[in-house]
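This report refers to the structure that appears directly beneath it.
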4 protein chains.
Amino acid sequence: MNPSSPANLRRLPRQLRSRRRVNRILDAAAQLFAEAGFEAATTNAIAERAGISIGSLYQYFPNKAALFRALCERYERESLAALGAVLTPDLARLEIGEVVERVVAALRQSYGTNPGLLRVLFQGHPAQGQCVPHSSFREAMVHQVDGLLELRWPRLAPDRRRLVAEVCVQAADALFDLALKLEREAAHRAMDELKRLLLGYLEPLDREVA
Amino acid sequence: MNPSSPANLRRLPRQLRSRRRVNRILDAAAQLFAEAGFEAATTNAIAERAGISIGSLYQYFPNKAALFRALCERYERESLAALGAVLTPDLARLEIGEVVERVVAALRQSYGTNPGLLRVLFQGHPAQGQCVPHSSFREAMVHQVDGLLELRWPRLAPDRRRLVAEVCVQAADALFDLALKLEREAAHRAMDELKRLLLGYLEPLDREVA
Amino acid sequence: MNPSSPANLRRLPRQLRSRRRVNRILDAAAQLFAEAGFEAATTNAIAERAGISIGSLYQYFPNKAALFRALCERYERESLAALGAVLTPDLARLEIGEVVERVVAALRQSYGTNPGLLRVLFQGHPAQGQCVPHSSFREAMVHQVDGLLELRWPRLAPDRRRLVAEVCVQAADALFDLALKLEREAAHRAMDELKRLLLGYLEPLDREVA
Amino acid sequence: MNPSSPANLRRLPRQLRSRRRVNRILDAAAQLFAEAGFEAATTNAIAERAGISIGSLYQYFPNKAALFRALCERYERESLAALGAVLTPDLARLEIGEVVERVVAALRQSYGTNPGLLRVLFQGHPAQGQCVPHSSFREAMVHQVDGLLELRWPRLAPDRRRLVAEVCVQAADALFDLALKLEREAAHRAMDELKRLLLGYLEPLDREVA
DNA sequence: AATGAATGAGGTTTCATTCAT
DNA sequence: TATGAATGAAACCTCATTCAT
């Protein structure tokens, strides 16, 4: 229930007030990273948007990258919680369309708050001269979906399963990203297309493996 | 056939030598944007990689953003040419699987040279505090695919057609992006999944509309 | 017998507990100034090492410079006490070699605890844009040695005597500083050289004035 | 004849104008480091005093420490050149007093320009969390003096010779430092004391070893 | 037209000091 | 009185852009 793992924080915020403050910083960071990307979002702007001084920001986060990681982790936790709720034992017996429906609904719930952020989180950011191949956020999502797939098709080869999971996550991310760029009505229709896309991709698997 | 539209260039490069120079700049920019992203790629580094002085770079491009836009346009032209070759009259009579096969092959051809760049071009970049909703590159791709779809399913409603085109482009981009992160063998398999994904998405349309 | 002159303290620490606290702060400051120099030693680090809060530190010392001055004064008192023990009436009749021996022994005693600090104290620190020409610590040492010299050579002209005192102090400081940079054995030999140096400098005075 | 070794410079200043500029920067740095010490002298202030922009400073020196090192090296070269002129074959036959006279005169020549700097150069500065035990400047001086001593007393044990060299350099530095704090007339007399100090220290060696 | 040194606004981060609790 | 979170000025350094040569 902490806003972040200790690794990214200078000090564990024990007081209620501190926890709120950390959350305000993360909210501001989420907005600005989403608006401008990792590089262009400045720590001063984040502090200002959070309504605190730059010094306070650096009391909680040792640097910009740590702030970014903490943000990833917060969204990771939220998304995984939402997906986890879908991962029920009856998953194996449901119609595949129903599964897709539930998963997409779960994701919409997590990304609904700030869909622009999804783009930035997925992208990751260049850490210490080395470009991160998979953001930890992405990795967590893929892992979760891999679990869902295993539950559904226990006999699917792990390699293939992993690839399918990657494709699903990547495609879902892409269409959420698309929806982000459309106005309300069109965004809604884009979600329908996402379901069609996943359904068309997974249905053959159902026939192939089950 | 100019390397760029006039809007992004200071001066139309009429001389052969100038045109070559602009292309060298764009090549260098393509490499560096792909390696480091828009913000982290410095104009000085681009000029150096291009083997010219920073002053010369600014004689051709008024600023970094214009250089980026010119790069987008160049890749737009290249990709559209590749897609255009697929857009033949017999498209309407081909099996849908064959269409997908050809389109993916065409895209692989364009992106194969520098897949990392695709990421950056699609992403667009934050221009003057305003986030670009659709990169011009993306827009051009969607338009082209929209043309393909119209040729195939003339009776499909334009609105729906447009949305389907967007989904295809977005999904294809996403999976190329995925392939970029995998090693050779796995990347190859990812391309197979892309075909499966598009096929599963478009096949129902064939039955629905045709 | 207060730990510091009133000028550097916010409040005279009357309670025993307060006096102990001030001493803990000065101990911590001595360590950190010696380790890192005046600028690099942070007040927060000093407070932490002293086991108190930064707020408490500022209740006793109005700012970092005052803390430094208080530290100088404490070491002044200690060193002067050590030197004072040498300043006995029989000084005039001792062999000069014996005097040097005693003085160096006295100094080793004061500086032995934290030789690194000597460097920092002697150096003084840039106060408000104005470089301190003589640190108060240095000044006190010179004054003390001047007294020793007067006792030994009452007929030496005061001007000359003062200069000789300055030279002795400066040279002694320099060789303590040198010793600080050498390992145990070499440091010990450096102290022998210090005695030779002072002896060679002062012996001619003995013949000249006495 | 370069103002600095390549290691500390971003670009070798080939043009006359550039070389002058680098020297202006080093002059400004010498002043400010002398006035305020390494930490308190800001790169912006140095650039301003040099009459250039901060950007220009960083075109020549990659960071503050490199600027400091370049400064050390410049003074090293100057001092060593001055000392080198003393290192003549007839040194072995001269009276020891004459040798001291010459060496002190050589040093006065180098340090006369900016004696305050000597303090800072000798001190060195904390590089990368590790405190430099001997500044490279100091080391160079000691090495040079060691050479002088070898020429004079070839039969002196190398260990002892090295220690004597260290003592001479450290003591000379200390008295130059002292002179720095006195007004003209007194400073002059301090130099006389330096000669007396060195003479008293070295004369016994002459009797002992020769 | 080409060069590349020069510029300086603005980025991240530190740390002396204050003040509400 | 003690605490330590909050503050914000100011440090170092980068890099898009200009302009004298």
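Numbered from 1 within each chain, the chains take letters A, B, ... in sequence-line order. All of these numbers come straight from a predicted model, not from anything done at the bench.
E48(A) places its CD atom 16 Å from the C1' atom of dT12(E), with the value rounded to the nearest Å. At whole-Å resolution of the value, NZ in K64(C) and P in dT14(E) are 15 Å apart. Per the geometry, CZ belonging to F61(D) stands 15 Å off P belonging to dC12(F), to the nearest Å. A straight line from CD of E39(D) to P of dT14(E) spans 14 Å, rounded to a whole angstrom. With rounding to whole Å, I25(A) atom CD1 is found 13 Å from dA5(F) atom P.
Applying the 4.0 Å criterion to OP1 and OP2 of dT7(E), one finds that S53(D) has a side-chain N or O inside that range. Phosphate proximity of dA1(E) to R21(B): absent, as no side-chain N or O sits under 4.0 Å from OP1 or OP2. When the side-chain nitrogen and oxygen atoms of R17(B) are compared with OP1 and OP2 of dA2(E), one or more of them lie within a distance under 4.0 Å.
Rounding to the nearest 0.5 Å gives a distance of 7.5 Å between CD1 of I25(C) and CG of L67(C).
You'll find a donor-acceptor pair under 3.5 Å spanning the side chain of Q59(D) and the base of dA6(E), going by distance alone.
Atom CD of Q31(A) sits in a crowded spot, with more than 12 heavy atoms from other residues, nucleotides or ligands closer than 6.0 Å. A 6.0 Å sphere centred on CZ of R24(D) holds more than 12 heavy atoms belonging to other residues, nucleotides or ligands.
Minimum heavy-atom separation, L26(D) to A70(D): CD2-CB, 4.1 Å.
In this structure, of dC13(F), dA2(E), dT17(E), it is dC13(F) that holds the atom nearest to the side chain of Y58(D). When distances run from any side-chain atom of Y60(B) to the nucleotides dA2(E), dA2(F), dA5(F), the shortest one goes to dA2(E).
Both G55(A) and N63(D) lie close to DNA chain F; mapped to their nearest nucleotides by heavy-atom distance, the more 5′-ward contact belongs to G55(A). Comparing I54(C) and I52(D) against DNA chain E, the residue whose closest nucleotide sits nearer the 5' end is I52(D). Heavy-atom nearest nucleotides on DNA chain F were determined for A45(B) and for L57(A), and the one closer to the 5' end corresponds to L57(A). Map S56(B) and N44(B) each onto its nearest nucleotide of DNA chain E; the residue landing nearer the 5' end is S56(B).
Under the Watson-Crick or G-U wobble criterion, with both distances below 3.5 Å, dA5(E) is paired with dT18(F).
Among the protein residues, T42(D) comes within range of the sugar-phosphate backbone only, with heavy atoms under 4.0 Å from sugar or phosphate atoms but none that close to a base. Within the nucleic acid shown, A47(A) has no heavy atom closer than 4.0 Å to any nucleic acid atom.
Ring geometry for F38(C) against F68(C) counts as perpendicular: the plane angle is over 60°, on a 0 to 90° scale with 30° as the lower cut.
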